[in-house]
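The chains referred to below are lettered A, B, ... by the order of the sequence lines, with proteins before strands, and numbering in each begins at 1.
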Protein chains: 2
Amino acid sequence: MSLIMLHLRDLPTLETLNKFAARYPQADVTAISSFLHLLRVATDLSIALDSCLSQHGLLQGRWWVLILLMREDNNTAMPSSLAEKAGVTRATMTGLIDGLAQSGLVERVFAQDDRRSIQIRLTEAGQAKLDEVMPDYYQRLRECMQGLDEASRQQLNVILDAINAGIPAFSKKS
Amino acid sequence: MSLIMLHLRDLPTLETLNKFAARYPQADVTAISSFLHLLRVATDLSIALDSCLSQHGLLQGRWWVLILLMREDNNTAMPSSLAEKAGVTRATMTGLIDGLAQSGLVERVFAQDDRRSIQIRLTEAGQAKLDEVMPDYYQRLRECMQGLDEASRQQLNVILDAINAGIPAFSKKS
DNA sequence: ACATTATAGTTAGCTGGCTAACTAAGTCAA
DNA sequence: TTGACTTAGTTAGCCAGCTAACTATAATGT
């Protein structure tokens, strides 16, 4: 589950935005500004998450697979289901599982009823790794978000939903 | 300027969050929820942006370089300056410039005073490409954000600043 | 003046995504 | 029942980032 997005460092000044808006009348200056700000903060959060995980020898993709497995009742899921939930291709999931299996954090269990499919199971070592990483991750996240009260968090969710609703208009094919 | 981040598709339900919070008492459920929501929407926005740019034969990295050049007074900048503003390494910028130069959208101009450094200049074709892409990008972005009034955009900026202030606590090395 | 250090850019090789093509196994309809 | 289709997983090869090492040039200090 890696996402490619802008690695913005240098957000435009209001002056720059107005210069561009003068040439391109379609520009909605506050929309652009909020959009870039959102991508920028999300980028930095993602980098911070990488930094946290790397201190435990994990990367986002593999970490997320472990979490998805722990969510399951018997800590078991099919690769195709994991791929879908993680938002990666099945090919990518094969690679993630290879890495996790090599580290002993998950294991492949062959199904007897359908010999095409296999089950991926979180091992004890995998659970132990999560028990090491998650408290650190949750503690850091708690501290990161502590400047935001419940009302602001709620507001943020409402705003994000509104933006999300507009995304089809952004990515339309025409 | 590509950023690696979660490609989250399957956000946890409240039930799942509570299950994790029961095992890991450090968990701050609303913090986790808002954090993942933010990464998810940013991810989808980035994918939408990719989709828009690809219809004009561009990728985020190269597109951003063109914009940075257009921001400059004489449409000219040094590779190292571009790298810093784009948030990529100089090595990556070399590759971006190679691609843009091959497409004729920028050109390398050798400096006479310091023979180590070169200047990158936006060509007429590069400006024409921006004049093709930016109206489409701005129009799509306007439509995407049209569900958000000015007050909400302002709120979003305040919230993002608050989160941004907490990022050092997230990525601290200890 | 000349050895050291710093700076600008490039190259080589790694990584973790991706798509497309493939194997193997199950399903279904003529 | 057998040929076409679907599904699960893997493999091969591409791409755009990255780091580390390199060349060339400039600046600095003794």
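Atom CD of Gln154(A) and atom OG of Ser33(B) lie 8.5 Å apart (nearest 0.5 Å).
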Measure all distances between protein nitrogen or oxygen atoms and nitrogen or oxygen atoms of nucleotides 12-14 of chain D, and list the pairs falling under 3.5 Å.
none

Between protein and nucleic acid, restricted to nucleotides 1-7 of chain C and to nitrogen or oxygen atoms under 3.5 Å apart, what atom pairs and distances do you find?
residue	atom	partner	partner atom	Å
dT7(C)	O2	Arg116(B)	NH1	2.9

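The CE atom of Met78(A) sits 11 Å away from the P atom of dT10(D) (whole-angstrom rounding). With rounding to whole Å, Ile97(A) atom CD1 is found 15 Å from dT11(D) atom C1'. Atom P of nucleotide dT19(D) and atom CG of Asp50(A) are separated by 12 Å, given to the nearest angstrom. In this structure, CG of Leu58(A) is placed 15 Å from C1' of dG16(C), rounded to the nearest angstrom. The separation between Arg115(A) atom CZ and dT23(C) atom P is 18 Å, rounded to whole Å. One atom, CD of Gln60(B), and another, C1' of dA16(D), lie 12 Å apart when rounded to the nearest Å. Atom CG in Asp114(A) sits about 11 Å away from atom C1' in dG9(D), given to the nearest Å. Met93(A) has its CE atom 12 Å from the C1' atom of dG17(C), to the nearest Å.
Across all strands, Asp98(B) comes closer than 4.0 Å to no nucleic acid atom at all (heavy-atom distances). Among the heavy atoms of the strands lying under 4.0 Å from Ser117(B) are primed sugar atoms or P, OP1, OP2 only; no base atom is included.
Residues from residues 100-112 of chain B that place a heavy atom under 4.0 Å from any atom of DNA chain D: there are none.
Listed for the Ser51(A) side chain is no donor-acceptor partner under 3.5 Å among the backbone atoms of Ile47(A).
Not counting sequence neighbours, the partners of Glu132(A) by the side-chain hydrogen bond (donor to acceptor under 3.5 Å, both in side chains) test are His56(A). By the side-chain hydrogen bond (donor to acceptor under 3.5 Å, both in side chains) test, Thr16(A) pairs with Thr13(A), sequence neighbours left out. Considering only residues two or more places apart in sequence or on other chains, Asp149(A) meets the salt bridge (Lys or Arg N to Asp or Glu O under 4.0 Å) condition with none of them. For Ser81(A), there are no side-chain hydrogen bond (donor to acceptor under 3.5 Å, both in side chains) partners at least two apart in sequence or on another chain. Residues forming a side-chain hydrogen bond (donor to acceptor under 3.5 Å, both in side chains) with Arg23(A) (at least two apart in sequence, or on another chain): Asp131(B).
In this structure, Thr94(A) does not reach the dT11(D) phosphate: none of its side-chain N or O atoms is under 4.0 Å from OP1 or OP2.
Under the ring pair (Phe, Tyr, Trp, His ring centres under 6.0 Å) criterion, the residue pairs touching residues 108-137 of chain A are Trp63(A)-Tyr137(A), with sequence neighbours excluded. Residue pairs meeting the side-chain hydrogen bond (donor to acceptor under 3.5 Å, both in side chains) criterion with at least one partner in residues 67-79 of chain B, sequence neighbours excluded, are Glu72(B)-Lys85(B).
Proximity note for Leu59(A) (side chain, C-beta onward) versus dG16(C), dG9(D), dC18(C): the nearest is dG16(C). Taking the side chain of Thr89(B) as heavy atoms from C-beta on, and the options dA25(C), dT25(D), dC18(D), the nearest nucleotide is dC18(D). Looking at the side chain of Thr92(A), the nearest of the listed nucleotides dG17(C), dG9(D), dG9(C) is dG17(C).
In this pair, Tyr24(B) and Tyr138(A) present their aromatic rings tilted. The plane angle is within the 30 to 60° band.
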Can you list, pair by pair, the side-chain donor-acceptor contacts under 3.5 Å of residues 155-168 of chain B, counting residues two or more places apart and other chains?
residue	atom	partner	partner atom	Å
Asn157(B)	OD1	His37(A)	ND1	3.0
Asn157(B)	ND2	Arg153(B)	O	3.4
Asp161(B)	OD1	His37(A)	NE2	3.2

Can you give me every donor-acceptor pair (side chain of residues 98-105 of chain B, partner residue at least two apart or in another chain, under 3.5 Å) with its distance?
residue	atom	partner	partner atom	Å
Asp98(B)	OD1	Arg108(B)	NH1	3.3
Asp98(B)	OD1	Arg108(B)	NH2	2.9
Ser103(B)	OG	Gly99(B)	O	3.1

